[in-house]
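The block underneath contains the structure these notes are about, expressed in structure tokens.
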Amino acid sequence: MDNPFVKTIDIIAETISNELKVNQEEVFRFLMEPVKEEYADFSFPIKRFLNKPEDLIFKIYNNLDSNNLKLVDIEPVSGFLNFKFKEERLFEKIIDYVKNGGVIKTKKSDKQLTIVVEHTSANPIHPLHMGHTRNTCIGDTLSRLLSARGHKVNRRFYIDDMGRQVVIAALGFKIINENPLELSKKVNIKPDKLVGWIYAVSSTTLDALEAKKKNNMEEAEKLAAVLTKLKSQDPSNLFDKLFSGLSSLSDPEKEISNIMLNYEKGLDPEKSLIRSMTKSVLNGFMDTLNKLDINFDNWDWESDIVWNGLVDNVINLAKNNKYFTKFKDADALDIPSIINELVKNDQQISKIINLPKGFELPPLILRRSDGSTLYTTRDIAYSIYKFNETKADKVINVIGADQRLPQLQIRLALLGLGFKKEALNLIHYDYEIVRLPGKSMHGRRGEYVTLDEVIEDIKNKAVEELKNRNPNISNDSANEIAEKIAVGTLRFSMVQLNSMKPLTFDISKAINLKENSGPYLQYTYVRALNILEKHGKINYDAIKNDTINHKLRRSMLIKALKFPLIAAKAADDLSPEDLVSYLVSLSDQFNQWYENDSVIRENDYGIKEGKALLVELVKNTLDEGLYLLGIPRLNKI
RNA sequence: GGGCCCGUAGCUCAGCCAGGAUAGAGUGUCAGCCUCCGGAGCUGAAGGGCGCGGGUUCAAAUCCCGCCGGGCCCGCCA
């Protein structure tokens with residue numbers, strides 16, 4: 001059975017689409033919320049298409065009629081077609097729908113695609129920190145939205161284990177001669193945190209030695225202060241050993257490049273050291289991600305991409321490609337020619353690739369003159385791999401806005417190498433950085449607030465608040481609820497804002513109970529649950545249709561019924577923030593209604609059951625909406 | 001030097017891509033609401049003309065041009 005509300009809108013959109021010869025997606029885009037609720041439930045700006053809409057209106061009525069869905073009044077007003085549902089008829093259909101097991105779910109897409117979402121992909125050398133949080137939450141929410149929309153979603157984490165940073169951390173472990181995972185157990189510190197500390201000490205020490213060598217005393221002093229601080233965090237008398245070991249190296253750079261070269265070749269002992277170190281960090285990541293209920297389908301090792309020959313394949317392809325060139329002796333792709341020949345002449349391509357105006361991109365170097373590969377080259381190989389492995393229609397990379405240029409280069413390189421479909425369907429979902437008020441983050445110096453710590457902080461505040469409100473609450477239940485509140489707070493804050501705006505995460509504000517926030521939604525959900533629990537099973541057959549003949553109830557109904565379309569649009573536009581603001585506004589309406597129109601104390605039985613149905617619709621909508629945002633649902637607070 | 005992003009009520013933001021209905025929320029401020037289905041709630045008031053200046057249009061917060069302020073990016077780093 002179709003959702004009668006959604007079906008009605010579908011028929012309207014279809015008719016408009018056929019009559020105006022505009023495609024349906026476009027119609028849905030224009031089918032909008034009126035400025036004022038009184039005007040209509042939906043509006044369509046007809047004036048941009050037609051001056052005399054009478055025939056169209058007639059056709060719409062006809063089509064609705066033949067589908068037995070005479071549920072709306074249509075009125076042309078100042079350039080708009082205003083659609084207003086006849087509430088009693090609509091309600092009657094909805095009662096029937098729900099009675100027969102109908103639910104309010106995201107409207108499925110007509111085209112079901114396979115979509116890869118790559119997100120988080122943090123460097124495996126320190127714990128996940130606030131800098132990664134936005135990426136993680138956005139990536140997971142997008143995955144949930146797209147999946148609810150009916151697409152097959154494949155979530156991937158790219159393990160960047162071939163960078164210099166990993167090698168520096170590995171060098172640290174080599175010097176103290178310890179196995180990362182065993183050491184972590186021995187000193188009882190989370191593995192990612194331990195590796196983060198070793199990395200920070202190693203990296204800072206090396207920089208300090210370098211600064212001294214260059215006689216840059218100011219810098220050396222600054223770094224010495226960082227080292228003093230790091231020493232104070234020493235988990236188990238490791239600092240001196242590490243520091244003196246690094247200081248006694250005659251040529252640290254050579255040491256680093258040896259490890260790097262050997263690892264790129266897959267040789268031991270470098271291979272087993274780096275792999276085990278990286279795995280121990282990944283264990284820490286998974287532990288943190290579990291708290292947020294975030295999972296991945298695949299964990300891809302950058303080193304595997306290299307060892308399996310995929311990077312060599314790219315280089316070979318390039319060598320036989322017309323855009324292959326040499327740039328200062330290194331193997332490169334002639335990006336300017338790719339732009340001139342493949343992008344600029346093609347409207348479709350240039351619309352999707354969206355080049356910066358008048359910006360000269362240099363050739364893209366694929367391989368250093370010493371024969372080693374670069375991150376971007378490996379990412380080209382990985383991009384092709386992501387498409388091939390899952391036969392994906394689209395690949396979405398959630399990566400910071402600072403990576404725009406390299407991401408653009410990858411698309412252009414793919415285009416030049418003949419991977420047109422891949423180039424046009426590789427989407428860089430970019431976002432601006434997250435700041436913590438008054439704190440700066442430097443991974444290399446061990447300066448960051450970890451995600452674990454943030455969750456713990458919010459949780460502690462929530463426990464305090466819960467005990468304030470309810471002094472009799474048990475520790476266990478306070479802890480359990482607080483943890484869910486913490487996750488809800490964090491996930492809400494990370495996706496509620498347009499991703500292009502820099503986000504300052506202020507813990508004290510996020511937990512501030514008077515602001516619209518995750519806990520507000522969770523609280524509203526609990527309210528709805530409580531009413532339903534008190535009310536008991538709903539007798540659908542007893543419901544009076546005229547329950548809905550009431551302003552607040554009517555707008556609540558319409559609001560809740562819009563969910564399938566709102567979630568669908570949020571998925572298509574990749575804008576979770578639209579779903580967030582919808583859920584907040586649904587909650588606002590529900591709370592407003594709640595204060596003004598009691599369900600439990602309603603005397604008229606038929607109306608009481610009707611009101612209970614409304615509560616159930618709101619509860620189900622919040623249920624689904626909160627799930628999509630990864631905000632835990634509570635049954636008490 | 002060039003490119004990209006952001007700039008809307010005291011504060012945090014929707015609306016801009018696809019120009020049209022009196023520019024919307026929340027928060028904060030002020031004034032009210034606990035014989036109530038849990039007040040993390042509700043009711044009401046004050047508060048901006050959309051960074052600045054031009055242009056296009058019957059119509060501009062939305063499109064174009066030029067400025068200003070803030071952030072980011074322009075490596076044989078990742």
Side-chain angles (χ1 to χ4, degrees), chain A residues 25-26 29-30 32-36 38-40 43 45 47-48 77-80 82 123 160 162-166 302 327-332 354-362 364-379 400-406 408 430-433 435 462 465-466 469-470 485 496-504 506 509 511-524 526-528 530-535 573 577-578 580-581 584-585 587-588 590-602 611-612 615 636-637:
Chain A
E25 264 172 54
E26 198 138 325
R29 220 167 55 200
F30 284 117
M32 58 192 191
E33 202 97 340
V35 190
K36 296 235 172 187
E38 301 94 88
Y39 296 161
S43 291
K47 196 168 181 183
R48 56 197 314 148
V77 184
S78 63
F80 291 91
N82 283 345
N123 263 324
D160 182 9
M162 301 211 68
R164 186 186 157 84
Q165 296 166 309
V166 166
E302 184 176 23
F327 188 67
K328 298 181 190 166
D329 278 346
D331 294 345
N354 196 12
L355 291 168
K357 283 172 241 163
F359 178 69
E360 296 275 328
L361 282 134
L364 176 65
I365 292 173
L366 295 174
R367 200 155 64 156
R368 295 187 186 94
S369 15
D370 71 2
S372 59
T373 57
L374 286 110
Y375 178 81
T376 319
T377 317
R378 300 192 288 262
D379 211 357
D402 54 345
Q403 303 285 318
R404 270 185 188 147
L405 198 58
L408 176 64
D430 51 0
Y431 63 93
E432 284 292 339
I433 52 165
R435 279 186 263 267
E465 188 62 33
L466 285 164
R469 283 161 195 279
N470 177 7
I485 290 178
Q496 46 101 18
L497 183 61
N498 179 313
S499 71
M500 286 329 300
K501 308 223 181 190
L503 189 155
T504 303
D506 189 329
K509 271 191 184 168
I511 193 66
N512 179 349
L513 313 169
K514 286 179 179 161
E515 280 191 47
N516 278 332
S517 62
Y520 174 71
L521 298 182
Q522 289 171 314
Y523 175 75
T524 308
V526 170
R527 266 193 162 167
N530 278 342
I531 298 173
L532 289 173
E533 196 182 310
K534 285 224 165 76
H535 177 274
D573 293 352
E577 67 272 19
D578 292 351
V580 173
S581 61
V584 168
S585 132
S587 299
D588 287 344
F590 179 73
N591 285 319
Q592 201 182 102
W593 176 52
Y594 172 94
E595 292 291 334
N596 288 294
D597 191 22
S598 174
V599 175
I600 302 300
R601 286 176 304 138
E602 171 63 54
K611 288 184 181 179
V615 179
K636 61 178 177 181
I637 194 166

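Below, chains carry the letters A, B, ... as their sequence lines are ordered, and counting in each starts from 1. Heavy-atom basis, side chains included; hydrogens, waters and symmetry copies ignored.
At the heavy-atom level, A:Asn82 lies under 4.0 Å from base atoms of the strands shown. Backbone-only engagement by A:Asp160 is indicated by non-hydrogen atom pairs under 4.0 Å involving sugar-phosphate atoms exclusively. Backbone-only contact: A:Asn498 has heavy atoms under 4.0 Å from sugar-phosphate atoms and none from a base. Using a 4.0 Å heavy-atom criterion, one finds that A:Ser581 contacts no nucleic acid atom at all.
With sequence neighbours left out, the side-chain contact (heavy atoms from CB on, under 4.5 Å) criterion links A:Arg435 to A:Ile433, A:Pro502, A:Thr504. Applying the ring-ring contact (aromatic ring centres under 6.0 Å, His included) rule to A:Tyr375 yields no partners; only residues at least two apart in sequence or on another chain are considered. When the side-chain hydrogen bond (donor to acceptor under 3.5 Å, both in side chains) test is applied to A:Ser585, the partners found at least two apart in sequence or on another chain are A:Lys559. Listed by chain and number, the residues in a side-chain contact (heavy atoms from CB on, under 4.5 Å) with A:Asn123 are A:Ile125, A:Asp160, A:Gln165 (sequence neighbours excluded).
When atom types are taken as modelled, the side chain of A:Arg367 and the backbone of A:Ala332 share no donor-acceptor pair closer than 3.5 angstrom. A donor-acceptor distance shorter than 3.5 angstrom exists from the side chain of A:Thr377 to the backbone of A:Leu366, with no hydrogens or angles considered.
For B:A18 and B:A61, the C1' atoms lie 16 Å apart once the distance is rounded to whole Å. With both ends at atom C1', the span from B:U8 to B:G48 equals 8 Å, rounded to whole Å. As rounded to the nearest Å, B:G20 and B:U57 have C1' atoms that lie 11 Å from one another.
Taking the centre and axis of the six-membered ring of A:Phe590, the NZ or CZ atom of A:Arg527 falls outside the cone set by 45° and 6.0 Å.
The minimum heavy-atom distance linking A:Lys611 with A:Asp597 is given by the pair NZ-OD1, 2.7 Å. Minimum interatomic distance between A:Ala401 and A:Glu432 (heavy atoms only, all atoms of both residues): CB-OE2, 3.7 Å.
The one candidate from A:Ile365, A:Leu364, A:Asp379 that meets the side-chain contact (heavy atoms from CB on, under 4.5 Å) condition with A:Leu374 is A:Ile365.
Both geometric conditions, a ring-centre gap below 5.5 Å and a plane tilt below 30°, are not fulfilled together for A:Tyr594 over the base of B:G41. Per the stacking criterion (ring centres < 5.5 Å, plane angle < 30°), A:Phe30 does not stack onto the base of B:A18.
Between A:Pro362 and A:Gln403, the residue anchored nearer the 5' end of RNA chain B, judged by the nucleotide with its closest heavy atom, is A:Pro362.
Counting atom types as modelled, A:Arg164 pairs no side-chain N or O with a base atom of B:A78 as donor and acceptor under 3.5 Å. Evaluation of atom-type donor-acceptor distances gives a pair under 3.5 Å for the side chain of A:Ser43 against the base of B:A21.
A syn base is found at B:G49: its glycosidic angle is within 90° of 0. B:C17 has its base anti relative to the sugar, with a glycosidic angle deviating from 0 by more than 90°.
Contacts with RNA chain B (heavy atom under 4.0 Å) in residues 370-379 of chain A: A:Leu374, A:Tyr375, A:Arg378, listed by number.
Considering only side-chain atoms of A:Arg368, the nucleotide from B:C74, B:C76, B:C42 that sits closest is B:C76. Here B:C42 is the nucleotide among B:G38, B:C42, B:A78 with the atom lying nearest to any side-chain atom of A:Glu595. In the set B:U8, B:A78, B:C74, B:U8 carries the atom at the smallest distance from any side-chain atom of A:Lys501.
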Query raised in the report: Given pairs defined as Watson-Crick or G-U wobble with both distances under 3.5 Å, what dot-bracket annotation applies to RNA chain B, with ( ) intrastrand, [ ] crossing, | other strand and . unpaired?
Result: (((((((..((((......[...)))).(((((.......))))).....(((((..]....))))))))))))....

